[in-house]
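One structure is given below, encoded as C-alpha cells.
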Amino acid sequence: MTTNNDKYEILVKIAKKRGIFWPAFEIYGGVAGFYEYGPVGVLIKRRIIDEWLRQVVYGRDGLVVEVDTPIITPRIVLKASGHEDNFTDPVTECLKCGRTFRADHLIEEKLGISAEGLPLDKMAEIMRQNNIRCPVCGGELTPPKPALLLFKTEIGPYKGSPAYLRPETAQGMFVSFKNVFNSMRNKLPLGIAQVGRVGRNEISPRQGLIRLREFTIIELEFFFDPEKQEEEVNKYMDEELLNEKMNIITADMKLNNIKKPREYSARELIEKGIVKTPWMAYWMAVGNKFLKNLGIPADRIRFDEKLPEERAHYSEQTFDQEVLTEKYGWVEVAGYSYRTTYDLSRHIKYSGADLTAFRKYDKPREKEVIKIKPNPVEIRKRFANKFSEIMKALASIPQEELINKIVRQGYIEVNGMRLDKELFFIKREKIKVHGEKFVPHVVEPSFGLERIFYVVLENSLKISSERTYLALTPRIAPYYVAVFPLVTGSKEEHQNIKNIAWAIYRGLLNSGIPAYYDEEGSIGRRYARADEIGIPYAVTVDYETLRNNTVTIRERDSRKQERIDIKDIYDYITGKIGFRKTWIEFLDKELNKA
RNA sequence: GCGGCGGUCGUCUAGCCUGGACUAGGACGCCGGCCCUCCAAGCCGGAGAUCCCGGGUUCAAAUCCCGGCCGCCGCACCA
C-alpha cells in the first residue's frame, strides 16, 4: 500500500531523477524556500503557463491583455500599495526562552481586543500595562519590533534609493494601468495579466514547493465599471460559465460552523448575492474550469471565502481556491480578491496621476453650472479703501468654495469682512455633460504557479506495483510524443529501423511538436522512462514499418497500441493534443447561435 | 524563530554505539559493449561519495564533542 508520504517521496525522487525540480543551491547545502526547475520541469511549467494564457487570458473574448513589468520596485510604489505597512508583522521575543510571537496576536488572545494595525509603541504600552508575558514560559517579552516580509534592496550602487522585490505582480498592473488603458483605447472592462517572479522573505518557509521565498505568480487585474457590471457580465458570460458548478464555503457558513462546502453554479453565486460583484463569479468559474482542465478532479477543488480579518488589507471580498493534496491536505492555489478601487486610489493619491476611466452617459445630461465673479464696481462702492486687498484675497479662493459659501449661505468672509452675494456676479448656466470620471473597480484572480505545478504533479502521479507514471493531461506534458526504434542492433534492418525512427523524430521537431527520442535499453525501459515524465504517446518503429510504412503508437495510461501510417503521425498527435476538434465543435455552436 | 529527530555515491542503504584493518562495502539507477520482434529482462565492463559544512579532542575521526546549514515532525509564522 502506498501512503501519502510514500507518494510524496516517490514524486520528489522522480522529480530529481528526471529533471523536474529540486531544492536550490544544493551544492552549497541548500537554502530554505528556494527551488529550481530542471529540464523537464521547465517544460511542464511552461505548458501550464501556456494553458493559463490560453484559457484565462487570451481565450476571454479579448477582455484580457498581458504585460511584463519590473521585479525591483521603488519603495514609494509599495508604500502606496500599503505593503510596506501591512507586510510587516509586529514580533516580540521572550527574553527567557527566546521564543517569538506576534505581539498583536498575544494582545488579542489575552485581552480579547483587536490590536491589528496598532502602532508599535501603543502595543508596547498595552503589553506593559497588562503585564503580558511569554505564554509558554512566563518570561519577560521585548517591545514589539517590525519584521518586514519584503526583500529589501537599493537602486544604484553607491547611495541607492530604497527598493524592494515585489511581493506580488499586481502593482505592476496598477502602476502601468494608465499606459495600458490608453493603448487599449480606454475601454472597460479590461483585464491586465502578468506572469512573473516575486519574493517574500518568509520567516520559516517549509513544505517544499508550497511555501517559497521566491516564486511565480500568474495573475490578472480585471478593471471594470461598477455601474455596468451586471450588463457587461451578461454580455461576456455564456451558459457554460454560468452553469459551472463550484464547491463553496462562504464566510456565513464558516460563522455557522458549517465546514462542508456547498455546490453553487456561477449563476447562483450571482443571484444569491454570495459574490459582491458578478465578475467575481465569472473569474471563479473560469478558474474552476482551468484547474479541471489541468486534470484536477472537481471534487478536489473548493473555494473558501475569507472572513474579514483573514483578508489582505486591500480586499473587500476574498475567495481562496484550494486543491486537496495527499501530502499537505487542502492547499491554496489561487486567491480571488475584490480589490475595489483600493490600489488605483492609492496610486492616484501618491503619484498624483489621473488613473480614472470615463463613463459616458447614454444621453448627454443637462447640468446647471454656477459661475461666480466679484463685481468690482459694487465692491469698490462698499469697501473703497480695502478694494485691492479684497480683490487679491478673492482671487485665491477656489470656485467651489465661492459657490459653496455664496450660494448656500449668502455671503463669504474675507479678511474678517462680510461680503454679501449682492457684490458678485452670479451666472447660472446649463451645459451638456457627456459623462464622468471614475476609478475603476478591480477583481483579481491570482494563481501561485509552483502550487499549481505541485498539485498537478501530485495528482498525476500514478503508482502501482507494476509501474509508476505521470498521467499528465497531454497538453501540459513536457513532450507530446516519444519516438523509439524497437531494436537497436547492428544488423542492417536494425539500422534501417533506427534511421526511420530518427527521421520521424526530426520531422516532428521540425513541425513544432515537442518530441523525445530514446534508443537506450530495452523497449520496456524506454516506455517506463517516458511514462515517468508524462509523455502521453509513444511511436515505435518496428520490422513491419520496413514493409508497409506503419508504426505503432502507444497511449501512456492504457498502454494500448494502434498501428498508423507514418504520414499520419503528425495529424494523429495534433488531433489528440490539439485544438482541431474544439475548433469544429465550437464553430458549429457559435454559427448556430448567430 | 523555538523544541525534538535526522543528514554516507543520483537513489536506498552497510559501517557510527565500542575511533585504527574503510583504498568507505552493497543494491538500484546511470554510461559503454553484447543480445535484439513491444512494456523497468539477461550477460560483461565502467564512471560515480566535499561521509552536510566549520572547528575541537586524538598518534588516528564517517565514527566522540561544540557551532552552523539543510530536511522532517510539533509550536509559532505565512496564504
Side-chain angles (χ1 to χ4, degrees), chain A residues 5 8-10 12-19 22-34 38 87 89-94 96-102 104-106 109 134-137 147 149 167-168 200-208 210-213 215 217 304 306 310-312 315 318 320-322 327-328 330-335 337 446 448 451 465-469 484-491 493-495 497-498 519-532 538-546 551-554 556 558-561 563:
Chain A
N5 264 332
Y8 175 77
E9 265 152 38
I10 291 167
V12 166
K13 261 179 223 164
I14 290 177
K16 189 165 182 183
K17 185 164 75 168
R18 297 289 181 219
W22 49 70
F25 310 116
E26 209 177 62
I27 65 164
Y28 287 103
V31 180
F34 297 90
F87 234 64
D89 293 327
V91 174
T92 176
E93 192 179 344
C94 173
K96 200 169 145 205
C97 71
R99 271 174 246 263
T100 56
F101 305 94
R102 285 265 308 250
D104 52 343
H105 287 188
L106 282 185
E109 241 167 69
C134 174
V136 177
C137 76
L149 302 181
E168 57 175 20
R200 296 181 185 182
N201 211 350
E202 301 283 355
I203 295 169
S204 165
R206 243 189 267 167
Q207 308 175 337
I210 300 300
R211 271 264 303 292
L212 295 169
R213 288 192 165 118
F215 57 103
I217 285 183
D304 180 75
K306 301 282 97 175
E310 296 174 316
R311 293 196 296 251
S315 180
T318 298
D320 281 353
Q321 186 176 21
E322 302 177 330
K327 170 73 178 169
Y328 303 110
W330 288 98
V331 168
E332 180 203 340
V333 299
S337 291
S446 171
R451 290 184 175 191
S465 53
E466 265 193 300
R467 61 189 196 126
T468 300
Y469 64 104
F484 305 136
L486 178 63
V487 289
T488 56
S490 47
K491 288 182 195 149
E493 53 182 356
H494 298 164
Q495 288 302 314
I497 285 171
K498 261 181 16 179
E519 59 172 46
E520 282 161 28
S522 70
I523 188 71
R525 180 174 295 281
R526 284 179 257 151
Y527 283 138
R529 279 195 287 249
D531 288 348
E532 250 181 17
V539 164
T540 301
V541 177
D542 57 18
Y543 292 94
E544 205 177 327
T545 313
L546 299 176
V551 294
T552 64
I553 190 153
R554 166 196 183 263
R556 175 196 62 208
S558 63
R559 294 191 277 182
K560 289 216 176 84
Q561 294 194 352
R563 193 155 260 290

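Residue numbering restarts at 1 for every chain, and letters A, B, ... go by the order of the sequence lines.
Between the CG atom of A/Leu149 and the C1' atom of B/rC77 there is a distance of 9 Å, given to the nearest Å. Counting to the nearest Å, the P atom of B/rC34 and the NZ atom of A/Lys491 are 13 Å from each other. A/Glu520 has its CD atom 15 Å from the C1' atom of B/rC34, to the nearest Å. For the pair A/Arg211 CZ and B/rC72 P, the interatomic distance rounds to 12 Å; values are reported in whole Å. Atom OH of A/Tyr328 and atom C1' of B/rC72 are 11 Å apart (whole Å). One interatomic measurement links the two molecules: CD of A/Gln207 to C1' of B/rC77, which rounds to 11 Å at whole-angstrom precision. Spacing between atom CD of A/Glu544 and atom P of B/rC36 amounts to 21 Å, rounded to whole angstrom units. In this entry the distance linking CG of A/Leu546 with P of B/rC36 reads 16 Å, nearest Å.
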- Task: Could you encode protein contacts along nucleotides 39-56 of chain B as a string, one character per nucleotide from 5' to 3', using B for base contact, S for sugar-phosphate-only contact and - for no contact, with a heavy-atom cut-off of under 4.0 Å?
- Result: BBB--------B------
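Summarising the base pairing, B/rC59 is matched to B/rG20 through a Watson-Crick or G-U wobble pair whose two defining distances lie under 3.5 Å. Nucleotide B/rG10: paired with B/rC28 (Watson-Crick or G-U wobble, both distances less than 3.5 Å). The nucleotide B/rC38 finds no pairing partner, because no Watson-Crick or G-U wobble arrangement with both distances shorter than 3.5 Å includes it. In a base pair of the Watson-Crick type (N1 to N3 plus N6-O4 or O6-N4) or a G-U wobble (N1-O2 and O6-N3), with each distance short of 3.5 Å, B/rU50 is matched with no nucleotide. Summarising the base pairing, B/rG1 is matched to B/rC75 through a Watson-Crick or G-U wobble pair whose two defining distances lie under 3.5 Å.
Annotation: B/rC36 and B/rC52 have their P atoms spaced 46 Å apart (nearest Å). Nucleotides B/rC9 and B/rG68, compared at atom P, are 24 Å apart to the nearest Å. Here, B/rA49 and B/rC43 have their C1' atoms 28 Å apart, quoted to the whole Å. Annotation: B/rC28 and B/rA40 have their P atoms spaced 16 Å apart (nearest Å). Nucleotides B/rA41 and B/rU50 are separated by 38 Å at their C1' atoms, to the nearest Å. For the C1' atoms, the distance linking B/rG6 with B/rC51 amounts to 15 Å, nearest Å. Straight-line distance between the P atoms of B/rG74 and B/rA24: roughly 39 Å, to the nearest whole Å. Between B/rG15 and B/rC73, the two P atoms lie 26 Å apart (nearest whole Å).
Partners of A/Tyr469 by ring pair (Phe, Tyr, Trp, His ring centres under 6.0 Å), not counting sequence neighbours: none found.
Taken from CZ in A/Arg554 to CZ in A/Phe484, the straight-line distance is 7.5 Å, to the nearest 0.5 Å. Rounded to the nearest 0.5 Å, atoms CZ (A/Arg211) and CZ (A/Arg451) are 7.5 Å apart. Put simply, OG1 on A/Thr540 and CD on A/Gln561 are 6.5 Å apart, with the number rounded to the nearest 0.5 Å. Separating the NE2 atom in A/His494 from the OG1 atom in A/Thr488 is a distance of 8.5 Å, to the nearest 0.5 Å.
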- Message: A/Thr545 vs A/Ile497, test: side chain to side chain contact (heavy atoms under 4.5 Å, CB included). Steps then yes/no.
- Response: CA-CA 8 Å; A/Thr545 313; A/Ile497 285 171; 5.9 Å; no
- Could you give me the CA-CA distance, side-chain angles and deciding distance for A/Leu546 and A/Glu544, then say whether side chain to side chain contact (heavy atoms under 4.5 Å, CB included) is met? CA-CA 5 Å; A/Leu546 299 176; A/Glu544 205 177 327; over 6 Å; no
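Between B/rC36, B/rC31, B/rU11, one nucleotide has an atom nearer to the side chain of A/Lys16 than all others, and that is B/rU11. With B/rC36, B/rC38, B/rC70 as the candidates, the nucleotide lying closest to the side chain of A/Tyr543 is B/rC36.
The closest donor-acceptor contact from the side chain of A/Arg526 to the backbone of A/Gly521 lies under 3.5 Å.
With respect to A/Asp531, the salt bridge (Lys or Arg N to Asp or Glu O under 4.0 Å) criterion is satisfied by exactly one of A/Arg559, A/Arg18, A/Arg467: A/Arg467.
Nearest-nucleotide positions on RNA chain B place A/Lys13 closer to the 5' end than the other of A/Lys13 and A/Ala32.
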